[in-house]
Number of protein chains: 2
Amino acid sequence: MKELKSSVQKTFKILEYFTTQKPEWGVTELAKAIGSNKSTVYRFLADLTKLGVLYKHPETEKYSLGLKLFELGNRVQLKSAFVDKTHPELIEVAKSITETVHIAVFKNYQIFHIDKVESPQGLKLSSRIGSSGPAYSTALGKVLLAFLPTAEQEQALQVIMTEQSPIAFTEYTITNRQTLQKELIKIKEKGYALDREESEMGLICVGIPIFNQHNEVVASLSASGPSNRFKEENVVNYVTTLQKGATAIRQRIDYFKP
Amino acid sequence: MKELKSSVQKTFKILEYFTTQKPEWGVTELAKAIGSNKSTVYRFLADLTKLGVLYKHPETEKYSLGLKLFELGNRVQLKSAFVDKTHPELIEVAKSITETVHIAVFKNYQIFHIDKVESPQGLKLSSRIGSSGPAYSTALGKVLLAFLPTAEQEQALQVIMTEQSPIAFTEYTITNRQTLQKELIKIKEKGYALDREESEMGLICVGIPIFNQHNEVVASLSASGPSNRFKEENVVNYVTTLQKGATAIRQRIDYFKP
DNA sequence: AAACATCGTTTTAATATATGAAACATCATC
DNA sequence: GATGATGTTTCATATATTAAAACGATGTTT
């Protein structure tokens, strides 16, 4: 904590420790994890709790993220001006496809999941809304890359290949720049991206771009399911349904740009 | 800003200024509004932007709430352990009722909207997820109050009547403690609350409680619509459908307590 | 039941960080 | 090209933040 200059940074460094994997922390525990003084962390937690940013469990005395963050999170424009407007359409698409449907945007050279509607069927994905993931190994990511303006795509590929040093999650993951570039060209031609077990064995995914009324890619839409259920011959139908959804979304979001 | 001691408080005081009504701010403007120095606010905004908590529009140079808050907001347990699990059920209820459906919890003696599914029909409410509102003038609020343990209800009524000094939004709004208390008893007997234009003229609302597996009220569920469409004879049907939803939700949330 | 841990909380003086006035930069508009 | 409105940087000063230590409460071990 010595390296951090401003209290603002310290505040959010603390909040970042409250993850899905570890949503509850005690003072001492957290101070140890952050490598900071106990009383310093104590004061931060106390302050944040008073504001409702953290919640202190009456019995366990452990802290977790509070309603204030839920409140602020819902005020973010991406949520109020995009997700809220597109969600009903997502429900429609999911109903018609009967597989899990996702929307993602491109952020920091990664995909950022902003909404999903889960398949009513047993097998589901476990992606979290508000979570990030690699762009190179997913249909959502590849399609976002494919429809980026050339200069931006160049730069994105550069960053992905150098700073992220792609990991082969499965034997099908594309980790090579040339291969990815060719794939992106093909995606742009076909209008959709396919991910056949590139990020996880047994998982298949189709993704299409969502354009705003300036014809800029603003997000991508996907359907995904287990490989045994996700038949080759359905892909065309999925794409058609997704595109119908994308068109409807386009009407609703005006000139939105994330 | 002089009165505020910790930077944590200053940070969230700043974030609170980014509302739905005014989601974008410039430095000078915001400094004036807060009553603080320009360069101080500038540094806060710069720090917050670097962290992704705020977003600085490339052209307008204005600041707005950023994706980091969306991310953190989705990690709040109420969202990940409650809303995510209950949302599909909400969709079902809304589909079957064909009116807007809401879920709220009780917080700080107010109702806190945590999820909604809008009616596909033209006329809609404009409540925001993550927003608070009075408990005494809504079906969601009255039903939450009605099923509170006696001691807590006492205290809640006390706070509401003294600190909130109820406002008569319409001629039907209950602003009197005795009247409200009688109403709560009736609600508990009947098992549901009705709001006939008590918070807004032309708006009718039915609400029922959601219990967890310890039989504690954890939330309330409502259907609402314009008075011309919302016929008396449908209320029973609505209640039945809502209760079916509440039962399904109860299964999914285990012993959740907000 | 005494001794020992472990946790949250409070206190303190030392110091690092936040502050605000002023100057500067950039951009419109007049 | 002067004027006024932005955002941004600088710097001495004031002040909030820091960390060690002590405290109190609770639970665990011997």
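The sequence lines fix the lettering, A, B, ..., with proteins before strands; numbering per chain opens at 1. Being a predicted model, the structure only gives us computed values, none of them experimental.
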Discussion item. I need the A/Ser39 OG to A/Asn37 CG distance, nearest 0.5 Å.
Written reply: 4.0 Å

Practice prompt. Provide, to the nearest angstrom, the distance between the CD atom belonging to B/Gln9 and the P atom belonging to D/dT15.
Written response: 17 Å

Discussion item. Using whole Å, what does the distance between atom P of nucleotide C/dG8 and atom OH of A/Tyr63 come to?
Written reply: 7 Å

Worksheet item: Between atom CD1 in B/Ile34 and atom P in C/dG20, what is the gap in whole Å?
Response: 12 Å

Worksheet item: Counting just side-chain N and O atoms, does A/Thr40 come under 4.0 Å of either OP1 or OP2 of D/dA19?
Response: yes

Worksheet item: Could B/Lys107 and B/Phe112 be counted as a cation-pi pair, given that NZ or CZ must be under 6.0 Å from the ring centre and within 45° of the axis?
Response: yes

Fill in: Close aromatic pair by centroid cut-off 6.0 Å: A/Phe211 and A/Phe147
yes

Worksheet item: Using a cut-off of less than 4.0 Å, is there contact between a side-chain N or O of A/Tyr42 and OP1 or OP2 of C/dG8?
Response: no

Worksheet entry | A/Gln110 backbone acceptor or donor facing A/Tyr136 side chain under 3.5 Å | no

Practice prompt. In whole angstrom, give the distance that lies between atom CG of A/Leu30 and atom C1' of C/dC7.
Written response: 14 Å

Discussion item. Heavy-atom nearest nucleotide on DNA chain D for B/Val27 versus B/Arg43: which residue maps closer to 5'?
Written reply: B/Val27

Practice prompt. Measure from CG on A/Leu45 to P on C/dG8 and round the result to the nearest Å.
Written response: 9 Å

Worksheet item: So, is A/Lys56 close to the C/dT9 phosphate, meaning a side-chain N or O under 4.0 Å from OP1 or OP2?
Response: yes

Worksheet item: Quick one: B/Asn37 CG to D/dT10 P, roughly how many Å, whole number?
Response: 16 Å

Worksheet item: Counting just side-chain N and O atoms, does A/Lys10 come under 4.0 Å of either OP1 or OP2 of D/dT18?
Response: yes

Worksheet item: B/Lys32 NZ to D/dG4 P: how many Å, rounded?
Response: 14 Å

Discussion item. Quick check: any donor-acceptor pair below 3.5 Å linking the side-chain of B/Ser39 to the base of C/dA21?
Written reply: yes

Discussion item. In this structure, how many angstroms lie between the P atom of D/dT9 and the CG atom of B/Asp47, rounded?
Written reply: 12 Å

Discussion item. Between the base of C/dG20 and the side chain of B/Lys38, is one N or O donor paired with an acceptor at under 3.5 angstrom?
Written reply: no

Discussion item. Does C/dT6 have its OP1 or OP2 closer than 4.0 Å to a side-chain nitrogen or oxygen of A/Thr28?
Written reply: no

Worksheet, complete the sentence: Between A/Ala193 and A/Lys142, the two heavy atoms sitting closest are CB-CB, 4.3 Å

